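The structure appears below as structure tokens.
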Amino acid sequence: MDALAVMGLALGMRHGTDPDHLAAIDGLTRIRPRTTNGIYFALGHVLVVMLLAMGIGHFLASRLAFAGPWSLIVIGSVNLWRLPRGAAAPRIGSRPIVVQPFLLGMLLAAGFETASQLSALILAGQGSAWLLGVAFSFGMVLVDRSDGYLAGSMQRLAAIGQTRVKAASRALGIIVVIFAFGLGGAELFGTELTSVALPLGLSLFVIVLGLRIWTRSKGPTTRDTQIPGVEMRREIG
């Protein structure tokens, strides 16, 4: 495999673990409980990164840069408001709304130029921008898709009444609020977080993974089973 592609893949996976990515995906998932949030977010993010790598996205990024941190502040505020109200219920049979996570991914790409993204742009000048972009995108989509699936599946279970999952969802909500306000505020005040971005991102990913494993561990939980026109509650273990 081409060394540039390997480097691009590694940088993409590293970029996918940035705490602003995970806080945005997990926060949006508590508002819009879909397992596809992560992949649509990553694709929106990829679009801006690719445009920057090709040298044609700087105008767009400069105009949207202010919106990145404010997007996190809004997500944190909505999650804070939702904490006492529990998980949002998924709309059965509704069509997926792609624009929300896709646009959020674009806004954060413009507002948070992290070290791995900048490294990718530098490398793009030393080889094929397309090869680097595809590898970078795949690595980022892989991580963000995984996080979105873990958070989304947990939220959907919490919405139908599983007690243990409700507790996990509430814990994730508190963490999202802290991360969203902390990261958004740091960006607005010009506080440099590059040195702690990787441990913060990995910590959040591990927390989401741990909460999801905990909700799947043995123990009696309740679940609502939907049958046309009838709601049934049964014990599973």
Side-chain angles (χ1 to χ4, degrees), residues 1-26 28 35-65 67-69 71-72 101-151 179 183-184 186-187 190-210:
M1 184 181 293
D2 190 285
L4 186 63
V6 174
M7 182 63 71
L9 178 66
L11 287 172
M13 294 181 69
R14 161 66 185 85
H15 192 60
T17 62
D18 278 347
D20 58 290
H21 280 224
L22 304 184
I25 294 169
D26 298 338
L28 181 62
T35 57
T36 54
N37 283 334
I39 191 168
Y40 291 138
F41 174 93
L43 291 175
H45 204 84
V46 161
L47 176 61
V48 175
V49 172
M50 288 293 291
L51 291 175
L52 288 170
M54 291 184 290
I56 58 176
H58 297 285
F59 177 82
L60 175 66
S62 64
R63 295 298 185 275
L64 296 178
S71 297
L72 285 180
F102 189 86
L103 179 59
L104 184 60
M106 292 183 65
L107 293 177
L108 262 69
F112 290 83
E113 286 194 330
T114 57
S116 55
Q117 179 175 325
L118 292 174
S119 298
L121 300 181
I122 292 170
L123 285 173
Q126 302 175 2
S128 170
W130 285 107
L131 176 61
L132 178 67
V134 169
F136 183 90
S137 302
F138 182 77
M140 183 169 57
V141 168
L142 182 64
V143 174
D144 288 347
R145 170 70 177 90
S146 300
D147 180 69
Y149 176 80
L150 291 169
F179 268 73
L183 295 169
E187 182 70 14
T191 304
E192 183 60 54
L193 296 178
T194 303
S195 60
V196 295
L198 182 57
L200 282 177
L202 288 177
S203 297
L204 182 52
F205 188 84
V206 169
I207 288 171
V208 174
L209 178 61

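For clarity, every value in this text was computed on a predicted model and none was experimentally measured.
Of all heavy-atom pairs spanning Val208 and Ala151, the tightest one is CG1-N, 4.0 Å. Across Ser71 and Leu108, no two heavy atoms sit closer than the pair CB-CD1, 4.0 Å. Ala135 approaches Ala5 most closely through the heavy-atom pair CB-O, 3.2 Å. When all heavy atoms of Gly16 and Met140 are compared, the pair lying nearest together is CA-CG, 4.0 Å. Across every non-hydrogen atom of Ala23 and Leu183, the tightest pair is CB-CD1, 4.3 Å. In terms of heavy-atom proximity, Gly105 sits nearest to His45 at O-ND1, 3.0 Å.
Going from atom NE2 of His21 over to atom CG of Asp147 covers 11.0 Å, rounded to the nearest 0.5 Å. Atom CG of residue Leu107 and atom CZ of residue Phe41 lie 9.0 Å apart, to the nearest 0.5 angstrom. Rounded to the nearest 0.5 angstrom, Leu209 CG and Ser146 OG are separated by 9.5 Å. Taking CG of Leu47 as the reference point, atom CG of Leu103 lies at 11.0 Å (rounded to 0.5 Å). Residue Leu72 holds its CG atom at 11.0 Å from CG of Leu28, rounded to the nearest 0.5 Å. With rounding to the nearest 0.5 angstrom, the CG atom of Leu204 is 5.0 Å from the CG atom of Leu22.
Counting heavy atoms of neighbouring residues, nucleotides and ligands inside a 6.0 Å radius, atom CZ of Phe205 exceeds 12 of them.
Using cut-offs of 30° and 60° on the angle between ring planes, the pair Phe136 and His15 is tilted.
Not a single side-chain hydrogen bond (donor to acceptor under 3.5 Å, both in side chains) links Asp26 to another residue, sequence neighbours left out.
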